[in-house]
Amino acid sequence: MLFGLKTELQKRLRSNGVLLRESLSNPELKQYSVIILDEAHERSLNTDILLGLMKRLIKHRASDLKVLITSATLDGLKVSNFFSGCPVLNIPGTIFPVEKFYSTDRPTNYIESSLRTAIDIHVKEAPGDVLIFMTGKDDIDKMVSKLEERIQNLEEGSCMDALVLPLHGSLPPEQQVRVFSPAPPNCRRFIVATNVAETSLTVDGVVFVVDCGYVKQRQYNPSTGMYSLDVVEISRVQADQRAGRAGRTRPGKCYRLYPSSIYQKEFLEATIPEIQRTSLAGSVLYLKSLNLPDIDILKFDFLDPPSRESLEDALRQLYLIDAIDESGQITDVGRLMAELPLDPSLSRTLIEANELGCLSQALTVAAVLSAEITLRQTRSKEMEGKRKRQQLPDGSGWGDHVQLLQIFESWDQADYDPRWCSDHDLQVRGMKFSKDVRNQLSQIIQKIAKGPTDLQARRGRKSDPDYRKLRRALCVGYGNQLAERMIHHNGYHTVGYRTQLVQVHPSSVLEGDEYGKLPVYVVYHELINTTRPFMRNVCGVEQTWVKPILKKLEKLNINKLSGGSSALTDSGPLEEKQPGSPTKAAAAKQSDVDSKIQAARERYLARKGKK
DNA sequence: CATCAGCGC
């Protein structure tokens with residue numbers, strides 16, 4: 001059985017995520033003789049966990065298991081070393097050479113610079129489509145309209161026709177597929193894209209690539225618990241991947257809007273893998289649930305280890321939501337949580353909701369949050385002129401989780417009519433996705449829950465008008481993400497082993513009391529640092545529900561949590577403890593990762609500031 | 001008062 005091969009069989013094969021889940025019930029994966037990890041260069045969180053697990057597994061099954069790791073760009077030697085010198089096979093691709101051109105300086109404005117480059121290509125070069133890499137939707141929109149304008153202004157008949165197409169993930173599917181139809185005769189296509197075009201989507205016909213050298217990347221800071229979405233420099237691997245997009249049909253050209261010296265000296269060799277940029281609570285819980293003997297999370301052998309700080313952060317979070325006990329052992333609740341393909345906080349919420357009798361509502365909330373549907377704002381004035389957007393439910397003052405529940409319930413009442421979504425300015429795709437996720441979650445939880453309760457989407461409202469049960473379940477599930485209001489204003493500070501000053505995100509529907517005061521305690525779905533630190537998706541909770549969490553916080557002891565028996569906790573830092581052992585590589589310093597990201601970001605900002 | 005990538009199935 002093969003996994004994740006890109007063939008028409010893909011649907012019958014297993015994805016990384018599914019293999020992980022399967023490994024949960026059958027850690028030895030005895031039913032498989034060959035396991036293929038495909039697209040390993042993308043270094044997704046699941047790939048990295050699987051790499052570590054495979055390394056363990058082949059020790060036990062050296063005779064009857066083969067592991068094949070395929071990658072477009074991953075450093076073969078590094079992986080070979082990780083797997084104690086396993087053979088590396090190079091399969092030459094049928095890729096055509098791509099000539100690279102560097103600019104002499106970093107442009108102060110890469111949109112303008114991309115624009116000039118694109119026009120230059122159009123006027124001077126032979127036929128062939130142009131792929132332009134930008135960082136986000138705003139840049140793409142700007143680029144598309146300016147490019148169209150400049151092409152219009154070119155002398156009539158001086159060059160071939162042009163078609164400019166945007167391409168990014170939040171584009172409706174019917175617009176995305178436009179890039180797959182070939183250019184009309186005597187017409188050059190310009191595809192202005194985000195990173196989707198770097199790995200996920202392959203656009204045929206591209207001969208020229210324009211690469212601004214930046215990418216938008218989400219990072220998690222384990223010392224603050226905060227996420228941010230930053231524009232950072234790409235890595236050399238990414239730059240080469242982008243260039244390679246020009247050479248799929250014939251020899252191509254890549255215009256890099258940065259000097260070769262920057263590519264050589266400033267760019268990181270490879271992109272920082274996701275495992276070093278995300279919260280590890282889910283992964284740590286998963287590893288704990290495997291029941292592998294002798295497994296010590298802090299010593300787990302990762303290809304690129306996450307920081308110790310990040311692992312400890314995960315342990316603290318898991319403890320606060322009852323997934324592990326104070327000595328770091330997985331609990332019964334934790335085992336149930338690991339069965340659900342959700343963030344630990346949402347899994348915990350579902351389990352609590354089942355106890356409290358509001359499972360159906362919690363399922364909906366979990367599904368909608370997983371789909372990350374975006375509620376577009378009414379700010380566009382032209383819209384208001386044309387047609388008034390229909391009113392969305394408002395969460396009845398309790399906050400965003402309740403609002404998301406109400407939105408889904410309304411859609412359910414409209415018999416899941418896609419027009420209901422567009423009438424309410426909601427992305428049909430996101431809503432459909434949440435419906436699918438909800439169905440899947442229902443099936444899983446019916447298997448694992450004791451005495452399953454109602455799962456119908458519409459029930460539960462009349463019996464609990466204040467959403468008390470749901471909010472209580474959320475309070476338990478988000479015990480790791482609790483905040484307390486300041487006495488005199490509506491700012492909050494997070495409650496936990498680290499305290500941050502934060503505010504409710506302005507888009508929240510949470511309401512104050514008659515004096516305008518917000519609830520004393522709230523739980524939040526995530527902390528996001530944009531212009532300031534914000535709590536996104538907030539739910540008001542009651543003081544009495546918070547007490548058990550505060551108690552747990554008092555008892556929290558990271559030395560015990562990280563598994564008291566471990567040599568790690570007895571004395572000094574790991575790196576000094578066991579030089580030369582496999583653990584020496586473990587738990588890279590978070591500050592190393594941070595400073596890399598920070599440096600890449602600062603270089604971007606410094607350049608942006610110049611313009 | 002904000003925004004922001006892609007992935008998932």
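Here is the naming used below: chain letters follow the sequence lines, and residue numbers restart at 1 for every chain. Because the structure is predicted, anything quoted here is derived from the model rather than measured. Both backbone and side-chain heavy atoms feed into the values below; hydrogens, waters and symmetry mates do not.
Between the CZ atom of A:Arg218 and the P atom of B:dA5 there is a distance of 12 Å, rounded to whole Å. The nearest whole Å value for the distance from the CD1 atom in A:Ile444 to the P atom in B:dC9 is 10 Å. The OH atom of A:Tyr220 sits 20 Å away from the C1' atom of B:dC7 (whole-angstrom rounding). Here the P atom of nucleotide B:dT3 and the CG atom of A:Asn529 are 10 Å apart, to the nearest Å. The distance between atom CD of A:Glu274 and atom P of B:dC7, rounded to the nearest whole Å, is 12 Å. Protein atom CD of A:Gln503 is 11 Å distant from nucleotide atom P of B:dC1, rounded to whole Å. Atom-to-atom, CZ of A:Arg429 to P of B:dC7 comes out at 10 Å; the value is rounded to the nearest Å. As rounded to whole Å, 10 Å separates atom C1' of B:dC4 from atom NE2 of A:His505.
Note on A:Gln440: only backbone sugar-phosphate atoms sit closer than 4.0 angstrom, heavy atoms only; bases stay farther off. In this structure, A:Thr135 reaches the sugar-phosphate backbone alone: every heavy-atom distance under 4.0 Å involves primed, P, OP1 or OP2 atoms, never a base.
When the nucleotides B:dA5, B:dG8, B:dA2 are ranked by their closest atom to the side chain of A:Phe433, B:dG8 comes out on top. Among the nucleotides B:dA5, B:dT3, B:dC9, the one closest to the side chain of A:Thr530 is B:dT3. Side-chain proximity of A:Glu372 to the nucleotides B:dT3, B:dC4, B:dG8 is greatest for B:dG8.
Nucleotides of DNA chain B nearest to A:Asp436 and A:Gln219 differ in position, and the one nearer the 5' end is that of A:Gln219. For the pair A:Val196 and A:Pro341, nearest-nucleotide mapping onto DNA chain B gives the more 5' position to A:Val196.
No salt bridge links A:Asp230 with A:Arg218; every basic N to acidic carboxylate O contact stays at or beyond 4.0 Å.
Using a 4.5 Å heavy-atom threshold, the side chains of A:Glu484 and A:His493 count as touching. Considering only heavy atoms from C-beta on, A:Thr70 stays 4.5 Å or farther from A:Glu39 through its side chain. You'll find the side chain of A:Ile234 reaches within 4.5 Å of the side chain of A:Asp211, heavy atoms only.
Geometric assessment of A:Arg277 against the ring of A:Tyr220 yields a negative cation-pi assignment under the 6.0 Å and 45° thresholds.
Checking the phosphate oxygens (OP1, OP2) of B:dA2, a side-chain nitrogen or oxygen of A:Thr531 falls inside 4.0 Å. Between B:dC4 and A:His168, no contact under 4.0 Å exists linking OP1 or OP2 to a side-chain N or O.
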